[in-house]
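Scroll down for the structure; my scribbles are underneath it.
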Amino acid sequence: MADSHQYTNHDVAEHLRLIANLKEIKGEGRFHYLAFRNAAEVLDALGEDINDIAAAGTLTDLPGVGKGVAEVIAQFLASGDSELAQKLRSQVPVSLVTLLEVEGLGPKKVARLWRELGIETLDELKAAAEAQKIRQLKGFGSKSEEKILRGIALLAQKQSGRTPLGVARPAVLGLIADLKAALPADALTAIEPAGSVRRWQETVGDLDILAITPRPDEVMAAFCSLPQVSETLWRGETKSRVRLKNGLECDLRAVAPTHWGTALQYFTGNKQHNIELRELALKQGWSLSEYDLEATGKGAAPAGEKRYFESEEALYAFLGLDWIPPEMREARGEIALARRHDLPRLVTVTDIRGELHGHSDWSDGKASIREMAEAAIARGYRYWLLSDHSIGLGVTGGVDAEKLARQRRIVDELNRGWADAGVDFRLLLGVELEILADGRLALPDDALAELDVVVASIHSSLRQDRETITQRALNAIANPHVDILGHPTSRLLGKRPPTEIDMERVLRACAETGTVLEINAHPARLDVNDIYARRAVELGCKIAINTDAHQPQHMDFIEYGIAVARRAWLRPEDIINTLPLDKMRQALK
DNA sequence: GCCGTTTTCGGCCCGACTGTTTTCAGTCG
């Protein structure tokens with residue numbers, strides 16, 4: 001069993017990307033290597049375990065996976081390698097793939113540096129550039145050498161690569177606010193975040209901002225001289241790129257109102273969604289760009305005829321599609337759904353009626369029970385679960401049966417006060433129950449039985465092997481008092497990878513027992529992610545979206561959790577905390 | 001290499017910029 005799960009979906013995707021890169025450097029046709037890269041994307045977005053699919057013999061049912069790719073996947077799962085990769089490695093040094101990461105170097109240039117100068121590694125590349133050997137090559141000059149050296153230096157200081165949305169989104173909103181403040185009102189008609197921030201992707205490569213302006217020059221000048229900017233990387237008439245002091249890069253593009261619909265669509269992406277949309281347009285006789293639709297002459301309209309769109313809705317509608325929310329634009333089948341006018345009604349922040357995971361100063365929270373509950377009331381919530389950490393977690397005091405009994409008296413008294421005042425709100429008492437390293441739960445069943453809702457979570461021994469840590473979660477799920485599994489993979493974005501937990505087994509167990517799966521909305525967690533959330537609902541699980549608030553302001557994080565749910569295509573009826581109190585309680589175990 | 005509202009063969013997004021060139025290939029998003 002353990003052997004059959006030796007490699008994850010991500011491992012397979014990386015192997016396919018390696019093959020794509022080697023093929024590209026080798027000079028194989030575009031579509032041959034793109035096929036492997038596309039298949040890698042499909043695997044990364046797959047909620048199911050690829051081992052199960054391979055075992056069932058249905059690999060070629062996956063979109064983008066044909067006979068060739070399926071064979072490579074099967075070999076890799078069995079042995080950790082494939083004949084194709086072995087053959088490619090014998091023809092192209094693997095170390096060349098690293099050179100592709102140098103900005104400005106693509107497959108063609110890397111191949112020439114290797115074939116004509118024998119360069120195989122970053123060190124050799126650096127030495128050749130410093131010795132001014134690269135300029136001897138046709139098509140390369142002194143600037144190429146400078147750029148390569150800059151690229152190598154940048155690569156060395158670049159950290160983990162992608163930035164958590166919780167950092168990127170406030171940064172973009174701050175830039176937009178500052179830009180608005182720095183410009184006269186008539187210089188900016190509209191300005192919006194685009195790219196992966198607009199799609200609420202959990203991590204972001206660089207920032208994209210789109211503006212409508214009658215005077216692009218003025219906007220570009222203001223943008224490049226914002227206080228957050230450390231360096232202008234490029235400045236053109238309608239787009240500029242800067243590096244910020246926090247290391248992020250940000251693009252600003254300015255367009256006329258006529259182009260807003262096509263431009264916003266284009267700069268929102270993702271890339272593959274745009275490609276599919278453009279292919280669809282082509283089939284209808286139109287070529288789609290960020291500026292307009294232009295008739296190709298192969299459709300009804302005469303070649304060269306142009307159509308402009310001042311909104312995304314109008315553009316999608318012209319192509320026969322319902323408007324697709326940005327969170328869904330990931331080329332995961334949303335275009336087909338929009339064509340059939342069958343897009344789900346995605347959950348929104350205003351659907352949420354309460355939360356089922358939060359802390360007070362009884363454990364590691366920063367506010368009193370009353371302050372937290374009043375913050376929930378102020379947000380219009382009808383219920384909120386007090387769930388302080390249980391004993392068994394070293395870093396906090398933790399509540400035990402005796403403390404829970406004391407909390408119960410406080411909760412009852414607070415509830416009586418609100419009832420007397422006519423406030424439609426119920427403070428629920430629960431616990432964030434520690435799942436101990438050996439799989440036991442930190443509190444006995446009779447203590448749990450007294451509580452309204454029990455959230456069980458793993459915080460320790462996160463490096464256990466797949467079987468051990470999965471079994472811990474399964475033990476908790478099997479307990480009749482455990483209602484919710486909290487932040488199931490225990491990851492911290494950019495800081496700590498997910499545990500080895502076998503999510504397919506966990507999700508199936510949750511579905512069978514009626515245990516609710518949490519989408520933890522804290523931007524450092526976003527756990528489970530969109531992929532598992534979607535798989536969970538496919539398997540029949542119920543979901544709760546919780547901010548895990550440790551102070552009142554944390555409740556603002558709910559929009560991040562909602563975004564995860566929307567990226568998972570979830571509707572209000574998939575989420576139990578969109579329900580009124582009595583219905584929500586019925587939905588628990 | 002994959003795929004099917006034109007198709008089991010013949011397609012496979014689009015534009016902008018850079019650096020090096022005298023008209024464009026390579027890279028990027």
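Source: prediction; values computed, not measured. All chains are named by letter (A, B, ...) in the order of the sequence lines, taking the proteins before the strands, and each is independently numbered beginning at 1.
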Ring centroid separation A/Trp200 to A/Tyr560 under 6.0 Å: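 Between A/Trp200 and A/Tyr560, the centre distance is under 6.0 Å.
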
Could you tell me whether the phosphate oxygens of [N], OP1 or OP2, come under 4.0 Å of any side-chain nitrogen or oxygen in [X]?
X: A/Ser287; N: B/dC14; result: yes
X: A/Tyr266; N: B/dC13; result: no
X: A/Ser289; N: B/dC13; result: no

How far does the [atom1] atom of [N] sit from the matching atom of [M], given to the nearest Å?
N: B/dA16; M: B/dC9; atom1: P; result: 38 Å
N: B/dT23; M: B/dG29; atom1: C1'; result: 24 Å
N: B/dC2; M: B/dT6; atom1: P; result: 23 Å
N: B/dT5; M: B/dC12; atom1: P; result: 16 Å
N: B/dT21; M: B/dC14; atom1: C1'; result: 24 Å
N: B/dC3; M: B/dC13; atom1: P; result: 15 Å
N: B/dT20; M: B/dT27; atom1: P; result: 14 Å

From the options [options], select the nucleotide whose nearest atom is closest to the side chain of [X].
X: A/Val69; options: B/dT27, B/dG19, B/dC2; result: B/dC2
X: A/Lys108; options: B/dC13, B/dG19, B/dG26; result: B/dG26
X: A/Ala35; options: B/dC2, B/dG26, B/dC13; result: B/dC2
X: A/Glu279; options: B/dG1, B/dT27, B/dC13; result: B/dC13
X: A/Ser144; options: B/dC13, B/dT20, B/dT27; result: B/dT20

Students often mix this up, so state it plainly: with edges at 30° and 60°, are the rings of [X] and [Y] parallel, tilted or perpendicular?
X: A/Tyr316; Y: A/His273; result: tilted
X: A/Phe318; Y: A/Trp286; result: perpendicular
X: A/His259; Y: A/Tyr308; result: tilted

How many whole angstroms separate atom [atom1] of [X] from atom [atom2] of [N]?
X: A/Lys109; N: B/dC28; atom1: NZ; atom2: P; result: 8 Å
X: A/Leu34; N: B/dC13; atom1: CG; atom2: P; result: 9 Å
X: A/Leu277; N: B/dC13; atom1: CG; atom2: P; result: 12 Å
X: A/Lys23; N: B/dG1; atom1: NZ; atom2: P; result: 5 Å
X: A/Asp206; N: B/dC28; atom1: CG; atom2: P; result: 13 Å
X: A/Tyr291; N: B/dG15; atom1: OH; atom2: P; result: 9 Å
X: A/Arg253; N: B/dG15; atom1: CZ; atom2: P; result: 15 Å
X: A/Lys271; N: B/dG15; atom1: NZ; atom2: P; result: 15 Å

Closest-nucleotide 5' rank along DNA chain B - winner of A/Leu105 and A/Thr60: A/Thr60

5' priority, DNA chain B, between A/Val110 and A/Glu290 [closest heavy atom]: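 So the residue in question is A/Glu290.
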
Salt bridge (charged side-chain N to carboxylate O under 4.0 Å, His left out), paired with A/Arg329, selected from A/Glu276, A/Glu334, A/Glu312: A/Glu312

Secondary-structure notation, DNA chain B, from Watson-Crick and G-U pairs under 3.5 angstrom (| other strand): ((((....)))).((((((....))))))

B/dC12 base stacked by A/Phe31 (centroids within less than 5.5 Å, tilt under 30°): yes

Classify the nucleic acid contact of [X] as base, sugar-phosphate or nothing, counting any heavy atom under 4.0 Å across all strands shown.
X: A/Lys298; value: nothing
X: A/Ser142; value: sugar-phosphate
X: A/Tyr33; value: nothing

Ion pair A/Asp530/A/Arg332, N-O distance below 4.0 Å: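 Salt bridge flag = yes for A/Arg332 with A/Asp530.
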
Flag, side chain of A/Arg566 to backbone of A/Val347, donor-acceptor distance under 3.5 Å: yes

A/Phe76 backbone acceptor or donor facing A/Ser79 side chain under 3.5 Å: no

Test side-chain hydrogen bond (donor to acceptor under 3.5 Å, both in side chains) applied to A/Arg37 and A/Asn21, step by step: CA-CA 8 Å; A/Arg37 208 161 282 157; A/Asn21 285 336; 2.8 Å; yes

